[in-house]
Amino acid sequence: MRIAQLYKEGQRFTVWPLRVTYQPIANGQESDQTGNSQVLVWAPKSIFKHAVHRNHLRRLMREAYRQHQEILAKSHYIIAFNYIDKEELSYAVIEKAMVKALNKITNHQ
RNA sequence: CAAGCAGGUCGGUCUGCCGCACCGGAAACGGUGAGGAAAGUCCGGGCAGCACAGAGCACCACAGCGGUUAACGGCCGUCAGGCAGAAAUGUUUGGUCACUGCUACAGAGACGAGUGAUGUGAAACGAGCACACUGUGGGCUGCAAUUCCAAGUAAACCGGCGUUUGAGCGUUGCUCGCGCGAGUCGGAGGGUAGGAAGCGAGAGAGAGGCGCAGUAAUGCGUUUUCCGAGAUUAAUGGCAGACACCCGUAAGGGUACAGAACCCGGCUUAUAGACCUGCUAUCGCG
RNA sequence: GGCCCUGUAGCUCAAUUGAAUAGAGUGUCAGAUUCCGGUUCUGAAGGUUCUGGGUUUGAGCCCCAGCAGGGUCA
């Protein structure tokens, strides 16, 4: 339910090869959570047929977020990262896109 | 030697920094963390629920013979025929009976006769398929099974049949028979999508050895070591360096197939490369 | 994760128990009708029956493997 709401109401933009959808979390909201940001990461099954490739891309995106999550500072968000390219790209490319995307979120706020 | 055939094993290793999941711990921290196919879901089991007085008919699978196993359509041995090969070897077929049905075109004639040759044809007292028969096995559904806790809704609405003259349900698909029996079947609609158990110490594994039986698959006994994933949309990752192997004069590049979801035994399919064992003797080289 | 189903002309579907030339509608193209177009009529093209093996004299159909797509179950 929360995921459907995010994709319906959230703001979105694309930083190749990622499509980002996000919503800020106001203080006091999302009472069932501890106050951290929530992140959803996936690669489409229709393009990547084998589970090993999807797992790898998911891990790369997750690692890139982990390395650079301090960019978001103290504001909290719900963010979804979709991998949209048809090829498996290297970690360096994904990391670069991740930094760009996170900066864009904070600047828009 | 090269070549070929069969079987088997491995399928990158190590270090540093930053991280993830589970377990233990008050904490610091410690321990553990994908595969030979985890895949396809093609077979067979374990396990779970439902059912089970019984009989008959169907249905499905298998099919020389013998063995192995928890079980199998797997595996091992072996017999006969066909095909490939020089050989090692590989591959394929294989229960029974009768004429109930089919066998296009061609052919005088196609399972029928009066018969043989030639010709026709896949097949002309000889065959293929279906049906039938024999033997063996199979109850059905599947971990989203199933059990418990919490929360919530609609005991409402419409239609069929029925209450001892028996609806409906169970008894595998059908029939009989048996049992339960006052409600039940269908439609449309409403609600839930949380937690726990199942969940891994077992038909355990050898990544150890010895002995015995057997040609072998495999089994038995004994000793020793180990417990090495258990999530619930899913952890096992990133960066840097060294070594190994391959390609390239070099700079440099590459290292396959692929990711557990209840668990095992097989089969099948995908797979860079490396290694070991046994066998064959045509050609080529010495 | 389990179970089940389906792949045939561009599209939607047939083809009884295996039998020889794989059919129908629609769409496409050409011709006729019309001043022109539509409608209607006539004709034509269009198929490695998803792919690869096997059984059989013969396979869209039976068997095995693969590929693609779909349904359903708490």
Side-chain angles (χ1 to χ4, degrees):
Chain A
M1 294 300 278
R2 192 65 188 85
I3 294 170
Q5 189 189 340
L6 170 64
Y7 276 98
K8 198 177 171 187
E9 301 174 359
Q11 305 185 53
R12 63 176 61 184
F13 60 90
T14 303
V15 180
W16 177 86
L18 304 173
R19 189 173 70 209
V20 184
T21 309
Y22 72 99
Q23 277 186 316
I25 302 177
N27 285 338
Q29 223 176 334
E30 308 291 327
S31 57
D32 57 325
Q33 294 299 320
T34 56
N36 296 320
S37 291
Q38 297 179 46
V39 179
L40 171 74
V41 176
W42 56 270
K45 190 175 186 180
S46 55
I47 295 174
F48 300 97
K49 299 286 184 190
H50 294 289
V52 65
H53 299 137
R54 291 197 300 275
N55 282 349
H56 189 226
L57 288 169
R58 188 175 66 237
R59 285 163 183 163
L60 290 179
M61 287 189 279
R62 207 180 58 164
E63 177 69 9
Y65 174 80
R66 185 184 71 82
Q67 292 284 354
H68 300 287
Q69 58 185 331
E70 69 275 3
I71 293 173
L72 295 177
K74 291 189 175 172
S75 11
H76 298 137
Y77 302 91
I78 297 181
I79 318 173
F81 296 98
N82 309 356
Y83 190 88
I84 54 172
D85 202 80
K86 288 185 166 57
E87 312 249 325
E88 270 191 270
L89 299 166
S90 70
Y91 174 70
V93 175
I94 293 171
E95 186 182 27
K96 219 171 149 186
M98 180 63 71
V99 172
K100 223 172 149 184
L102 294 177
N103 280 322
K104 203 163 175 183
I105 290 174
T106 45
N107 292 342
H108 274 226
Q109 202 54 32

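Chain naming here is simple, since letters A, B, ... match the order of the sequence lines and numbering starts at 1 in each.
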Figure out the [atom1]/[atom2] separation between [X] and [N], and round it to whole Å.
| X | N | atom1 | atom2 | value |
| --- | --- | --- | --- | --- |
| A:Arg59 | B:U233 | CZ | P | 17 Å |
| A:Tyr91 | B:A240 | OH | P | 10 Å |
| A:Gln38 | B:U233 | CD | P | 14 Å |
| A:Asn55 | B:G238 | CG | P | 11 Å |

Whom does [N] pair with, Watson-Crick or G-U wobble, provided both distances fall under 3.5 Å?
| N | value |
| --- | --- |
| B:A205 | B:U225 |
| B:A55 | B:U175 |
| B:A63 | B:U134 |
| B:C199 | none |
| B:A217 | none |
| B:G119 | none |
| B:G85 | none |
| B:A37 | none |

By the 4.0 Å heavy-atom rule, please label A:His53 as base, sugar-phosphate, or nothing. nothing
Using a cut-off of less than 4.0 Å, is there contact between a side-chain N or O of [X] and OP1 or OP2 of [N]?
| X | N | answer |
| --- | --- | --- |
| A:His50 | B:C257 | no |
| A:Arg58 | B:G237 | no |
| A:Arg62 | B:U236 | yes |

Nearest-Å distance once atom [atom1] is located in both [N] and [M]:
| N | M | atom1 | value |
| --- | --- | --- | --- |
| B:G273 | B:G35 | P | 23 Å |
| B:G253 | B:C239 | P | 15 Å |
| B:G112 | B:G101 | P | 7 Å |

Going by side chain to side chain contact (heavy atoms under 4.5 Å, CB included), A:Tyr83 matches just one of A:Leu60, A:Ile47, A:Leu57. Which one? A:Leu57
Report the residue from A:Ile71, A:Val41, A:Leu72 that forms a side chain to side chain contact (heavy atoms under 4.5 Å, CB included) with A:Tyr65. A:Leu72
Would you give the length of the straight line joining atom [atom1] of [X] to atom [atom2] of [Y], rounded to the nearest 0.5 angstrom?
| X | Y | atom1 | atom2 | answer |
| --- | --- | --- | --- | --- |
| A:Ile94 | A:Arg59 | CD1 | CZ | 13.5 Å |
| A:Ile105 | A:Ile79 | CD1 | CD1 | 4.0 Å |
| A:Gln23 | A:Gln38 | CD | CD | 10.5 Å |
| A:His56 | A:Met61 | NE2 | CE | 11.0 Å |

Between A:Val20 and A:Phe81, is there a side-chain heavy-atom distance shorter than 4.5 Å? yes
Is there a side-chain contact (heavy atoms from CB on, under 4.5 Å) between A:Arg66 and A:Glu63 once you walk through the steps? CA-CA 5 Å; A:Arg66 185 184 71 82; A:Glu63 177 69 9; 2.9 Å; yes
Just confirming the chi classification of [N], syn or anti, using 90° around 0 as the syn window.
| N | answer |
| --- | --- |
| B:G25 | anti |
| B:G265 | anti |
| B:A34 | syn |

Quick one: does A:Arg66 reach the base of B:C18 with a side-chain donor-acceptor pair under 3.5 Å? yes
Using Watson-Crick pairs (N1 to N3, plus N6-O4 or O6-N4) and G-U wobble pairs, both distances under 3.5 Å, which stems of at least 3 pairs involve RNA chain C? C:1-7 with C:67-73, C:10-13 with C:23-26, C:28-32 with C:40-44, C:50-54 with C:62-66
Could you go step by step and tell me if A:Trp42 and A:Arg58 meet the side-chain contact (heavy atoms from CB on, under 4.5 Å) rule? CA-CA 6 Å; A:Trp42 56 270; A:Arg58 188 175 66 237; 5.8 Å; no
Side chain of A:Glu63 (C-beta onward), nearest among B:G238, C:G69, B:A260: B:G238
